[in-house]
Protein chains: 2
Amino acid sequence: MNKTTISELGSCRDREAEIWGWAFNKRSSGSLVFLQIRDGTGFCQAVVDKSVIGAEAWEAAGKVTMESSVKVGGKVVEHPKHRGVFEIHASRIEIVQIAEEYPIAKKEHGVDFLLDHRHLWLRSKRPWAIMRVRDMVIRAMGEWLNDNGFIKIDSPILTATSCEGTTELFAMDYFDLGKAYLSQSGQLYQEAAIFAHGRAYDFGPVFRAEKSKTRRHLTEFWMMDAEAAWVGHEENLKIQEELISYIVQRVLDKNATELAILERDIEPLKAVKPPFHRITHKQAVARVRELGSDMGDDQDLGGDDETALSKEYGKPVFVEKYPAKVKAFYMKRDQENSDLALCADLLAPEGYGEIVGGSVREEDYETLLKRLEEFKLARKDFEWYLDLRRYGSVPHAGFGIGLERLVGWICGIRHIRETIPFSRLINRLTP
Amino acid sequence: MNKTTISELGSCRDREAEIWGWAFNKRSSGSLVFLQIRDGTGFCQAVVDKSVIGAEAWEAAGKVTMESSVKVGGKVVEHPKHRGVFEIHASRIEIVQIAEEYPIAKKEHGVDFLLDHRHLWLRSKRPWAIMRVRDMVIRAMGEWLNDNGFIKIDSPILTATSCEGTTELFAMDYFDLGKAYLSQSGQLYQEAAIFAHGRAYDFGPVFRAEKSKTRRHLTEFWMMDAEAAWVGHEENLKIQEELISYIVQRVLDKNATELAILERDIEPLKAVKPPFHRITHKQAVARVRELGSDMGDDQDLGGDDETALSKEYGKPVFVEKYPAKVKAFYMKRDQENSDLALCADLLAPEGYGEIVGGSVREEDYETLLKRLEEFKLARKDFEWYLDLRRYGSVPHAGFGIGLERLVGWICGIRHIRETIPFSRLINRLTP
């Protein structure tokens with residue numbers, strides 16, 4: 001019998017076909033058994049009728065437990081009421097392996113229990129849908145970057161120093177060279193890469209040994225850093241708008257099933273098209289204070305501030321021009337006000353908060369040297385980075401996208417631990 | 001003046017255009033200066049004629065040093081002798097930044113010097129070409145996997161135990177949970193993922209704290225692990241053949257310029273199409289002994305053995321069915337001879353050696369438990385992995401591709417330290 005996948009069932013309509021997968025539910029009604037089957041590509045129902053199937057197959061259907069692996073063949077029939085939904089009227093059932101009693105039942109489980117069983121929980125509909133969206137976000141990101149001249153230059157993970165001078169680093173012994181640290185960002189390396197390729201990006205895991213236990217933090221997460229020569233503040237935001245819009249529209253186009261499983265309201269996603277909203281940090285501070293925040297003039301927005309602010313908008317909003325002193329040393333200052341950085345954080349709407357952070361980079365050697373001193377960073381650790389301003393320096397800008405926060409917003413998932421296959425938190429290192 | 005990129009110069013033929021980039025060479029001849037410009041997308045020559053250009057621009061051309069950043073505008077003219085090669089007859093030159101004396105000269109440098117200056121060396125033609133091929137290999141790999149039903153499921157980097165029981169791991173303190181280790185392979189996680197998605201892959205950095213100092217070893221490198229449900233030994237090899245062939249043909253199609261820069265003989269690459277050669281481990285042992293190796297019957301092939309063997313072939317060769325005891329615990333045994341594993345390593349021809357390693361995985365719970373004991377692995381570390389055989393186990397197989405070895409072969413580069421942007425070796429952690 002012709003083996004097919006559930007996603008391709010429609011092409012076997014009114015013909016015999018066989019699917020190989022797992023039974024995720026079973027219901028009996030007299031001489032009928034309804035097996036719910038999933039095979040990774042989708043979900044479908046197999047109807048087993050005692051009066052038409054052989055005794056052996058009927059017995060097999062009776063034995064099938066939740067998550068048993070099975071091969072089910074029969075006629076592919078469109079659901080009488082749901083167009084485009086196909087069932088199999090089974091004529092053959094083969095059990096591959098009978099599953100033991102499955103630990104994840106239909107009852108509600110606590111999230112710790114589910115994360116302890118993440119290797120199994122991934123099979124459930126919601127995680128399945130989230131991971132498919134994640135996959136599409138990754139694909140779409142690569143497509144847009146490739147189409148717009150960006151070359152993938154993988155940044156190193158093992159580094160000798162912290163890129164941005166923070167202390168929240170995982171450290172390990174590295175042969176005879178002392179300590180190595182896990183990278184928090186590949187940005188500085190992308191800055192080196194643009195002098196070879198004009199436009200470059202990386203995409204890989206980064207690490208923060210931060211004791212934060214919020215819904216927005218993981219100790220290991222995936223980051224995309226993009227950098228482009230000859231790009232200033234305005235074009236930097238334009239690139240981000242176009243990239244984020246492309247990703248969202250691709251997911252809407254390709255993952256309707258997944259978004260429906262997640263009960264994601266897709267209307268706000270449909271609105272994600274350039275131009276995005278723009279406000280200054282100063283305006284943002286004023287607004288969040290009106291909303292009850294006690295943040296100071298020269299502070300970064302806190303998580304709660306971002307949530308409050310991003311609830312005000314129907315599509316993403318750039319918060320531009322932060323006080324330079326709360327941002328990284330490499331950010332170029334605003335010509336009109338040198339206390340401000342030529343930067344922007346992009347907040348996803350509906351309360352999701354920051355998904356992208358970017359800036360123009362300081363390209364002048366002397367100014368950058370002064371910044372290193374101001375930020376109390378050791379010059380010797382940044383000699384190679386300073387070289388980029390010695391040999392053909394160019395104006396340039398870039399940004400970083402936190403994959404899990406982006407996926408969380410698109411999927412409508414508040415806690416980003418569900419947006420990565422195997423989450424690493426301060427209290428979780430397994431499975 | 002219309003800004004364009006060097007790759008798009010042809011579309012501005014006989015019109016005025018401007019390119020922004022870096023001068024990588026300069027030659028003077030009386031009242032002519034020839035500036036060699038690169039902008040990341042390609043290389044071109046700008047001809048500066050004193051008799052037609054203004055005094056200010058002529059003076060600027062004189063000041064340009066190697067690696068200075070410049071904007072050069074003028075008429076785009078096809079080279080009189082080389083079709084498809086375009087020059088700019090300059091009418092405007094703007095210096096963005098005059099580079100200090102560039103440390104990488106035309107003279108030969110030692111590789112340590114070059115790796116110390118990797119952030120600059122990346123600009124040279126060979127590294128530029130290698131990184132562009134690497135980018136295309138990554139794109140092509142993703143394209144083929146996407147088109148063939150594989151979903152990207154990122155494996156975790158931080159793990160609580162070694163997947164395969166080796167001791168060459170980087171270790172660090174992880175909050176209150178004791179030690180965390182950097183992953184050497186995401187395979188076991190991909191095995192979990194196929195129960196949700198049917199076919200899954202990861203692509204990310206992996207780490208080996210191995211004191212090897214050979215041309216085939218890095219402490220940090222990129223690996224793609226693919227895994228598929230319902231796939232046996234034969235289909236596993238077929239998937240690998242098709243994927244590798246697709247990647248090589250895409251590079252041939254898209255990177256002719258880069259391969260020419262690398263002086264790569266493309267004839268052997270053109271031959272990379274299914275089916276690949278296949279020999280058993282037993283045959284391989286016999287052959288390398290004829291070639292002078294002293295390897296034993298039950299040993300893995302050493303680096304030199306792989307080199308010698310792979311020089312014998314004009315296209316990739318699978319070495320199948322290794323003695324099970326030299327391979328990993330999870331490999332399924334050959335039904336015809338239970339001392340052998342249902343595995344294959346794929347050797348690139350021309351002496352390059354292993355680029356892919358794969359196998360069928362043991363899907364039987366009791367057998368896998370026995371293997372863990374035989375390999376002296378702690379059952380408690382693999383409970384989650386054993387779960388995959390408790391709940392709907394299915395036959396499955398997969399393989400891992402080492403990106404840098406693959407890129408090294410395609411580019412014709414013997415030492416893989418040149419195939420990654422910022423290499424990490426036992427004696428190198430910077431820049």
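Order of the sequence lines sets the chain letters (A, B, ...), proteins ahead of strands, with each chain counted from 1.
- Interface summary for chain B: among A/S423, A/P395, A/P205, A/G204, the most heavy-atom pairs under 4.5 angstrom belong to A/P205.
- Of the atoms belonging to B/A200, not a single heavy atom falls under 4.5 Å from chain A.
- Aromatic ring orientation, B/W22 versus A/F195: tilted (interplanar angle from 30° to 60°).
- Comparing B/P431, B/G392, B/G40, B/A99 by how many heavy-atom pairs each has under 4.5 Å with chain A, the most go to B/G392.
- A/R118 does not touch chain B: none of its heavy atoms, backbone or side chain, sits under 4.5 Å away.
- Residues B/Y189 and B/D202 form no side-chain contact, since every pair of their non-hydrogen atoms from C-beta on lies 4.5 Å or further apart.
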Might you work through the side chain to side chain contact (heavy atoms under 4.5 Å, CB included) test for B/L120 and A/Y391, ending with a clear yes or no?
CA-CA 9 Å; B/L120 302 176; A/Y391 307 109; 3.9 Å; yes
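- Put simply, the residue from A/V137, A/I130, A/D135 that forms a side-chain contact (heavy atoms from CB on, under 4.5 Å) with A/V133 is A/V137.
- Using a 4.5 Å cut-off between heavy atoms, A/A23 does not touch chain B at all.
- The most heavy-atom pairs under 4.5 Å with chain B, out of A/Y385, A/F170, A/Y365, A/W230, come from A/W230.
- A 4.5 Å side-chain heavy-atom check between B/E258 and B/W128 finds at least one atom pair inside the cut-off.
- Taking the side chain as every heavy atom from C-beta outward, B/L182 and A/L182 approach each other to under 4.5 Å.
- Residue B/R424 touches chain A through both its backbone and its side chain, counting heavy-atom pairs closer than 4.5 Å.
- Heavy-atom distances place no part of A/F221 under 4.5 Å from chain B, backbone and side chain included.
- A salt bridge links A/E404 and A/R134; the closest N-O separation between the charged side-chain nitrogens and carboxylate oxygens is under 4.0 Å.
- For chain B, the nearby parts of A/E100 are the backbone and the side chain; heavy atoms of each come within less than 4.5 Å.
- Annotation: side chain of A/R208 is not in contact with side chain of A/H217 (no heavy-atom distance under 4.5 Å).
- A salt bridge links A/E235 with A/R199: the closest approach of a Lys/Arg side-chain nitrogen to an acidic carboxylate oxygen falls below 4.0 angstrom.
- Ranked by non-hydrogen atom pairs under 4.5 Å with chain B, the options A/S393, A/A192, A/G178 are led by A/S393.
- If you measure heavy-atom distances from A/D154 to chain B, the contacts under 4.5 Å come from both the backbone and the side chain.
- With a 4.5 Å cut-off on non-hydrogen atoms, B/E8 does not touch chain A at all.
- Residues A/K179 and A/Y174 fail the side-chain proximity criterion, which asks for heavy atoms closer than 4.5 Å.
- Inter-residue side-chain proximity for B/F203 and B/M223 is flagged as unmet; no heavy-atom pair is nearer than 4.5 Å.
- No other option in A/I420, A/V70, A/D387, A/D173 has as many heavy-atom pairs under 4.5 Å with chain B as A/D387.
- Only the side chain of B/F207 comes within contact range of chain A, with heavy atoms under 4.5 Å apart.
- Heavy atoms closer than 4.5 Å to chain A are found in both the backbone and the side chain of B/A180.
- The part of B/N427 that comes within reach of chain A is its backbone (N, CA, C, O), which places non-hydrogen atoms under 4.5 angstrom from that chain.
- With chain A as the partner, the residue from B/D176, B/T65, B/I153 showing the most heavy-atom pairs under 4.5 Å is B/I153.
- At a 4.5 Å heavy-atom cutoff, the contact between B/W20 and chain A is made by backbone and side-chain atoms alike.
- Of the listed residues (A/I138, A/L429, A/T430), the greatest number of heavy-atom pairs within a distance under 4.5 Å of chain B belongs to A/L429.
- Counting heavy atoms from C-beta on, the side chains of B/N146 and B/Y201 come closer than 4.5 Å.
- Looking at B/S68, only its backbone comes within 4.5 Å of chain A, counting heavy atoms on both sides.
- A/L425 touches chain B through its backbone: at least one of N, CA, C or O sits under 4.5 Å from a heavy atom, while the side chain does not.
- Comparing A/I426, A/D39, A/V96 by how many heavy-atom pairs each has under 4.5 Å with chain B, the most go to A/I426.
- For the options B/G198, B/P127, B/S155, B/P103, heavy-atom pairs under 4.5 Å to chain A are most numerous at B/P103.
- When the candidates B/T219, B/T5, B/I95, B/L122 are compared by the number of heavy-atom contacts under 4.5 Å with chain A, B/T219 comes out ahead.
- For the set B/R428, B/R123, B/M131, B/R389, the entry with the most heavy-atom pairs within less than 4.5 Å of chain A is B/R123.
- Of the two parts of A/E143, neither the backbone nor the side chain holds a non-hydrogen atom closer than 4.5 Å to a non-hydrogen atom of chain B.
- Of all the listed residues (B/R390, B/M172, B/E67), the one sharing the greatest number of non-hydrogen pairs under 4.5 Å with chain A is B/R390.
- For the pair A/K125 and A/F43, the distance from NZ or CZ to the six-membered ring centre is under 6.0 Å and the angle to the ring normal is within 45 degrees.
- Side chains of B/I19 and B/K71 form no contact here, defined as non-hydrogen atoms less than 4.5 Å apart.
- Using the six-membered ring where Trp is involved, A/H119 and A/H117 have ring planes that are parallel, under 30° apart on the 30 and 60° scheme.
- If you check the side chains of A/E363 and A/H396, you find no donor sitting under 3.5 Å from an acceptor.
- Both the backbone and the side chain of A/I157 come within contact range of chain B, each with at least one heavy atom under 4.5 Å from a heavy atom of that chain.
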